[in-house]
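As a basis for the values below, the full set of heavy atoms in this structure was taken, side chains included, without hydrogen atoms, waters or symmetry mates. Below, read A as the first sequence line, B as the second, and so on, with proteins coming before strands; counting in each chain starts at 1.
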Protein chains: 2
Amino acid sequence: MGLLQESTNEGQFYRDEHLSLDFHQQVVVLDHERMTLTRKEYDLLALLVGHAGEIIPREALLLRVWGYGAEIRTRTLDVHIRRLRKKLGTYADQYIETIFGIGYRFQPFHAPRFAQPALERPVLAISA
Amino acid sequence: MGLLQESTNEGQFYRDEHLSLDFHQQVVVLDHERMTLTRKEYDLLALLVGHAGEIIPREALLLRVWGYGAEIRTRTLDVHIRRLRKKLGTYADQYIETIFGIGYRFQPFHAPRFAQPALERPVLAISA
DNA sequence: CCTGCTTTTACAAAGTTTTTACATGTCCGC
DNA sequence: GCGGACATGTAAAAACTTTGTAAAAGCAGG
């Protein structure tokens with residue numbers, strides 16, 4: 001799966017109702033306003049958004065954004081998640097889910113969510 | 001991750017009228033609604049469903065989900081079974097059978113059932 | 001040295017699992 | 001049937017683990 005720098009991408013984009021991300025230019029726009037992110041903040045967000053809909057384990061985030069191995073104990077990931085959420089404003093919890101005991105997941109704005117009634121198709125149809 | 005490694009279930013599914021389980025994605029859906037399970041709850045359910053129709057002894061469950069040996073006395077298995085049943089709602093007792101003195105068994109929704117234990121109870125008394 | 005970014009620290013809060021204590025149920029011999 | 005022994009059911013508390021947060025400390029580039 002994609003490493004941090006999706007290098008040879010002739011300008012890939014993520015876009016939904018409120019958020020857009022230009023992986024090539026490394027520009028993030030939230031509700032038509034540019035988000036100013038630090039490097040680590042951007043790297044973290046880009047990794048999450050680049051795998052929208054997938055759960056990414058803490059381990060993987062720490063490895064790919066920080067280069068940390070499993071032996072390192074740190075809370076810096078949590079702190080960065082917090083800063084991202086702050087900058088995402090109202091949509092924060094809608095976009096960045098905590099998967100307890102595992103990691104985090106970025107969800108596109110309209111994605112069906114966990115405890116919500118019935119939108120999720122049985123996963124069976126996905127295969128093939 | 002959990003110490004439960006049902007490696008032979010990679011990318012497989014269970015499905016019946018009401019319940020489906022994706023062993024790879026670790027997603028369980030009950031009547032088109034996603035069941036949110038904790039890790040231990042999922043591990044336990046997955047082990048039972050993965051052996052649908054078979055009786056699994058308490059010992060085996062405690063060993064495979066908890067890593068406990070026979071010397072450990074605990075009620076945590078019962079508590080987790082209870083939580084699973086609660087989340088399975090109406091179908092709880094249909095799905096998870098208690099096999100007294102032995103363990104538990106997950107039965108697919110339409111599985112033919114015998115009058116409870118009926119292991120070998122010769123119905124001799126009927127003779128006239 | 002400043003300054004802004006990053007990491008650590010130290011708790012707080014939230015979530016999960018196990019234990020406890022007792023109720024209820026089942027088996028089995030009488 | 002009856003009662004004892006033991007297994008399972010259940011609710012609630014306790015123990016433990018993970019994540020959230022604010023503030024301070026550390027650090028690197030200018």
Gap between atom CG of B:Leu45 and atom NZ of B:Lys87 - 0.5 Å precision: 10.5 Å
For A:Arg15, give me all partners under salt bridge (Lys or Arg N to Asp or Glu O under 4.0 Å), at least two apart in sequence or on another chain. none
Pick the nucleotide of DNA chain D nearest each of A:Ile81 and B:Gly101; which residue has the one closer to the 5' end? B:Gly101
Measure [atom1]/[X] against [atom2]/[N] and give the value in whole Å, please.
X: A:Leu84; N: C:dT6; atom1: CG; atom2: P; result: 11 Å
X: A:Leu61; N: C:dT7; atom1: CG; atom2: P; result: 14 Å
X: A:Leu88; N: D:dG20; atom1: CG; atom2: P; result: 14 Å
X: B:Asp93; N: D:dT8; atom1: CG; atom2: P; result: 15 Å
X: A:Leu44; N: C:dC5; atom1: CG; atom2: P; result: 16 Å
X: A:Asp78; N: D:dT18; atom1: CG; atom2: P; result: 12 Å

Verify the contact: side-chain N or O of B:Thr98 to OP1 or OP2 of D:dG9, cut-off strictly under 4.0 Å; return yes or no. yes
Short side-chain N/O contact from A:Tyr104 to OP1 or OP2 of D:dG20, under 4.0 Å: yes
Carboxylate-amine/guanidinium proximity below 4.0 Å for B:Arg64 and B:Asp43: no
Would a 4.5 Å heavy-atom cut-off, applied to side chains only, mark A:His80 and A:Glu41 as touching? yes
Examine distances only and state if a side-chain atom of B:Arg85 and a backbone atom of B:Ile96 form a donor-acceptor pair shorter than 3.5 Å. yes
Smallest heavy-atom separation, A:Phe109 atom then A:Gln94 atom, equals O-OE1, 3.5 Å
Take nucleotides 14-20 of chain C nucleotide by nucleotide from the 5' end and write B, S or -, depending on whether a protein heavy atom sits under 4.0 Å from the base, only from the sugar-phosphate, or from neither. -SSBBBB
